[in-house]
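Since the structure comes first, as structure tokens, the remarks are kept for the end.
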Amino acid sequence: IPIIDNGYSIPYLFIIGLLTSIHCISMCGAFNLIASSGIKPNFKKPILYNLGRLTSYTLIGGLFGFIGSFISLNNTLNGIIIILASIIMFIMSLNMLKILNLNIFNIFPNIKIKNKSSFIIGLFNGIMPCGPLQAMQLYALSTSSLILGALSMFFFALGTIPLMLTIGLIINFFSFKRKNFINKISAVLILILSFVMLNRGLLSLGIDISKLTKEDYSSYLKSNIVDGVQYIDFDLTFMGYQDIVIQKGIPVVITIKTNHRSLNGCNNEIK
């Protein structure tokens with residue numbers, strides 16, 4: 001996943017989207033599977049799903065660009081949006097698993113689109129809390145312009161469509177039995193993702209649910225204190241880094257060891 005910053009021209013963001021679409025398959029794959037397939041082959045569903053994604057990304061880009069013209073992004077507002085999205089995803093997954101019998105799409109009674117659920121699922125993708133998407137939202141924010149913000153997200157979304165649409169079309173060639181199995185797997189993945197999103201939203205609000213239980217720090221990497229300064233270094237890999245523990249109130253010097261292959265859109269910057 002390439003580094004996204006405001007040094008790129010807006011048309012170049014299409015190429016960024018093409019490269020990022022590989023990440024989209026893993027992050028949004030469950031949504032793509034459930035939105036693009038049905039009992040019978042239906043090639044309109046993946047098209048509507050991706051049209052929903054394109055619409056959502058463009059509108060959100062315009063909104064962030066407009067907001068950037070007079071205020072900076074607020075962590076509290078971001079956290080609330082993520083929490084609301086996680087609740088919708090949780091309800092959606094329970095519906096798909098037939099644990100609940102609620103049709104959340106009935107809240108859009110005036111949308112006259114065939115297979116509208118696929119389009120609406122695509123709209124929800126615009127508030128997914130993934131690294132590349134949030135980097136693009138910050139890019140749109142930095143434009144300080146409704147039009148430029150919308151264009152930046154439009155070109156980025158357009159770049160993610162070819163691969164996502166291809167996967168959606170291929171799914172329609174699967175047998176009913178296989179698609180039914182895929183739908184159940186997708187429901188479980190969305191359920192898990194809803195809890196991940198909820199945790200991220202709570203962290204944005206300053207709520208760390210991991211602190212509700214006493215944590216064992218014996219396996220954590222500990223700092224060394226030299227002349228009143230604590231030093232700690234760790235290896236950063238593609239999958240993450242070792243947990244560390246430092247002492248409060250003492251200056252810290254952190255050394256991160258990594259290689260170029262371990263950098264991606266989620267960890268390439270530390271502020």
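Worth saying up front: this structure is predicted, and the values here are computed from it rather than measured.
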Could you pull out the closest heavy-atom pair between [X] and [Y], with the gap in Å?
X	Y	value
Phe64	Leu141	O-CD1, 3.2 Å
Gly122	Ser56	O-CB, 4.0 Å
Gly68	Ser144	O-OG, 3.2 Å
Leu221	Asp233	CD2-O, 3.1 Å
Thr160	Ala157	OG1-O, 2.7 Å
Leu94	Leu191	CD2-CD1, 4.5 Å

Give, for atom [atom1] of [X] and atom [atom2] of [Y], the distance between the pair rounded to the nearest 0.5 Å.
X	Y	atom1	atom2	answer
Ile225	Ile246	CD1	CD1	10.5 Å
Ile244	Phe234	CD1	CZ	5.0 Å
Met153	Leu63	CE	CG	10.0 Å
Asp243	Lys222	CG	NZ	11.0 Å
Leu54	Phe155	CG	CZ	10.5 Å
Leu123	Leu59	CG	CG	8.0 Å

- [ ] Can you sort out the partners of Phe195 under ring-ring contact (aromatic ring centres under 6.0 Å, His included), two or more places apart, ordered by chain and number?
- [x]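 Applying ring-ring contact (aromatic ring centres under 6.0 Å, His included) to Phe195 gives Phe90.
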
Are [X] and [Y] linked, directly or through other ILVMFWY residues, by side chains that come within less than 4.5 angstrom of each other?
X	Y	answer
Tyr12	Leu18	yes
Ile207	Leu198	yes
Ile250	Val252	no
Leu202	Ile87	yes
Phe156	Ile15	yes

Open item on the list: Set out, in order, the CA-CA distance, both residues' side-chain angles and the distance that settles side-chain contact (heavy atoms from CB on, under 4.5 Å) for Val229 and Val253, then state yes or no.
Closed with: CA-CA 7 Å; Val229 177; Val253 175; 3.8 Å; yes

TODO: Dump the intermediate steps for side-chain contact (heavy atoms from CB on, under 4.5 Å) on Asp235 and Ile256, then the final yes or no.
DONE: CA-CA 6 Å; Asp235 296 321; Ile256 304 175; over 6 Å; no

So does [Y] get a backbone contact from the side chain of [X], meaning a donor-acceptor N/O pair under 3.5 Å?
X	Y	answer
Thr258	Leu236	yes
Ser152	Gly149	yes
Gln230	Gln247	yes

Open item on the list: Checking Tyr49 against Asn125 for the side chain to side chain donor-acceptor pair (under 3.5 Å) test, could you report, in this order, the C-alpha distance in whole Å, the side-chain angles of both residues, the deciding distance, and whether it holds?
Closed with: CA-CA 9 Å; Tyr49 167 68; Asn125 270 192; 2.5 Å; yes

Task: Lys257, NZ: over 12 other non-hydrogen atoms inside 6.0 angstrom - done: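 Not buried by this count: 12 neighbours or fewer within 6.0 Å.
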
Open item on the list: What I'd like to find out is whether the side chain of Leu158 reaches to under 4.5 Å of the side chain of Tyr57, using heavy atoms alone.
Closed with: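 No. Closest side-chain heavy atoms not under 4.5 Å.
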
